[in-house]
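Below: the structure, in structure tokens.
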Number of protein chains: 2
Amino acid sequence: MIDDDPLARPHAGPGQREILEAAAIAFTRSGYAATTIDDIAREMGATKGRVYHYYRAKADVFLDVVISGMDEMIAGIQPIAADESLPVETRLWRMVHHHAGLMMTRNSFQRVAVQAVEMHRLREQPAQQKALDKVVAMRDQYEQLFADVIDEGRRGGVFREVDSRLATKPALGALNWISLWYDPQRGDYNTRQRVANEYADFIIGGLRRSPA
Amino acid sequence: MIDDDPLARPHAGPGQREILEAAAIAFTRSGYAATTIDDIAREMGATKGRVYHYYRAKADVFLDVVISGMDEMIAGIQPIAADESLPVETRLWRMVHHHAGLMMTRNSFQRVAVQAVEMHRLREQPAQQKALDKVVAMRDQYEQLFADVIDEGRRGGVFREVDSRLATKPALGALNWISLWYDPQRGDYNTRQRVANEYADFIIGGLRRSPA
DNA sequence: GTCTATATGTGGATAGAC
DNA sequence: GTCTATCCACATATAGAC
């Protein structure tokens with residue numbers, strides 16, 4: 001959801017939450033297709049029955065993980081994007097920094113969200129297509145948060161003359177890619193800071209108006 | 001392969017080539033796990049038998065597609081990276097531009113290669129692990145081509161003081177991401193030029209030494 | 001070399017005991 | 001609400017005809 005409080009999300013019982021955490025880990029480990037419901041159940045020391053009590057199908061579990069991860073991302077970035085008291089450059093820097101941080105600290109959920117984005121172009125089953133369309137819509141809305149800030153910076157002369165919508169692609173691509181190489185087992189707080197800083201500098205630099 | 005001529009690759013018969021092209025399309029459409037051998041066969045107007053005559057298992061087909069895509073990438077970038085007659089900044093710009101181009105023109109193969117990179121962290125089956133390790137090794141070697149150029153630019157004062165190895169992550173992440181959103185059906189030559197230029201400017205800008 | 005069976009294993013989903 | 005038992009579809013891989 002985007003327009004209402006994440007905590008008020010219809011499907012958010014306490015039983016679900018445990019399943020979602022387990023599912024995020026399992027999907028991250030093996031990918032959507034290769035993950036079995038048994039894997040998810042085993043991850044939380046239970047059996048299939050428990051999962052199927054809360055969800056009708058594997059795809060539903062998957063989508064709930066994805067929406068959950070995206071909610072978290074949007075909830076974190078939106079306030080920064082909307083903070084008019086900060087200069088655009090600072091605002092974008094912080095958005096990028098925050099996004100990078102979540103890619104590392106909430107690796108499982110974000111990695112699964114990335115999988116979902118991929119799937120939309122490989123249209124898995126027509127059945128799930130409708131639900132995946134929702135995911136794509138959320139992603140588009142998220143991209144727009146970045147595009148708007150980039151546009152503002154461009155108009156203000158801080159950023160280059162770019163097609164803001166196109167410019168979000170390398171920026172968010174670079175960021176989302178983090179979930180593919182970052183190993184949450186190995187990184188500590190300092191490493192994460194270092195990575196997030198480098199990404200923020202990199203992306204701001206990529207958009208900033210050339211000196212010459 | 002990296003150290004020898006791609007054309008001399010052991011498994012490169014004419015029968016194989018047709019299978020690889022079909023497999024690349026099929027894997028791109030549905031992902032590794034969801035693609036069936038029947039899908040691949042149907043893609044080239046044949047049946048399972050033909051595929052299994054050349055390959056012992058689905059994983060082998062997949063890996064051959066991946067290696068093939070990576071070979072193509074390395075073969076294109078290496079000469080640019082080695083051309084000492086060009087200033088570092090130009091060299092890197094062209095490497096990025098070329099990489100971006102292949103992501104679009106050879107979308108299927110590159111998209112499959114991206115899938116493989118993902119899989120290494122999600123260690124599918126221990127059986128395939130050994131082969132995937134090779135893929136990871138090739139990717140590391142490829143990253144090093146970029147890291148070396150970045151280091152050279154850093155020492156020369158053109159680029160910022162970055163950890164070159166870390167700096168390849170946002171750069172190649174942004175680039176590889178192209179295969180996930182670019183739709184080869186819709187883009188024409190001009191679009192591809194525009195995208196590749198924007199990516200090259202973006203990445204060079206992200207590494208260039210700040211004006212102030 | 002390419003095809004049509006077919007053996008075999010696995011995993012999503014359901015039924016029903018507790 | 002959580003479990004075990006089971007049905008059933010489907011996909012890998014093989015055997016063997018042509």
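This is a predicted model, so every value here is computed, not measured. Computed from heavy atoms alone, side chains included, the values below leave out hydrogens, waters and symmetry copies. Note on naming: letters A, B, ... go to the chains in the order of the sequence lines (proteins, then strands), and numbering restarts at 1 for each one.
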- At under 4.0 Å, does any side-chain N or O of A:T47 touch on OP1 or OP2 of D:dC3? yes

- Query: Rounded to whole angstroms, how far apart are NZ on A:K58 and P on D:dA9?
  - Reply: 18 Å

- Task: Would you indicate which nucleotide in C:dG12, C:dA13, D:dA11 comes nearest to any side-chain atom of A:A57?
- Result: C:dA13

- Rounded distance in Å - NZ (B:K48) to C1' (D:dA11): 6 Å

- Message: Could you check whether A:E143 pairs with A:R165 (Lys NZ or Arg NE/NH1/NH2 to Asp/Glu carboxylate O, under 4.0 Å)?
- Response: yes

- Calculate the interatomic distance between A:I37 atom CD1 and D:dC8 atom P; express it in whole Å. 20 Å

- Message: Could you tell me how far apart B:Q16 (CD) and C:dG1 (P) are, to the nearest whole angstrom?
- Response: 10 Å

- Query: Once you round it to whole Å, what is the distance between P of C:dA5 and CG of B:D38?
  - Reply: 13 Å

- Quickly work out the B:D39 CG to D:dC10 P distance and round it to whole Å. 13 Å

- Contact summary for A:A34 and B:A33, nearest pair of heavy atoms: N-CB, 4.4 Å

- Task: Using whole Å, report how far CE of A:M44 lies from P of D:dC3.
- Result: 8 Å

- Message: Just the rounded figure in Å: distance from P of D:dT12 to CZ of B:F62.
- Response: 14 Å

- Among D:dA13, D:dT2, C:dC3, the nucleotide that comes nearest once only the side chain of A:R50 is considered: D:dT2

- Message: If you only use heavy atoms from C-beta on, which nucleotide in C:dG11, D:dA11, C:dC3 is closest to the side chain of A:T36?
- Response: C:dG11

- Among A:Y142, A:W177, A:Y199, find the residue that satisfies the ring-ring contact (aromatic ring centres under 6.0 Å, His included) test when tested with A:H99. A:Y142

- Query: Listed by chain and number, what are the salt bridge (Lys or Arg N to Asp or Glu O under 4.0 Å) partners of B:R50, not counting sequence neighbours?
  - Reply: B:E18

- Centre of A:F202's six-membered ring, under 6.0 Å away, within 45 degrees of the axis: is that where NZ or CZ of B:K169 sits? no

- Message: Quick check on C:dC3: is either OP1 or OP2 less than 4.0 Å from any side-chain nitrogen or oxygen of B:Y52?
- Response: no

- Query: What nucleotide, of C:dG12, D:dA13, C:dG1, holds the atom closest to the side chain of B:H53?
  - Reply: C:dG1

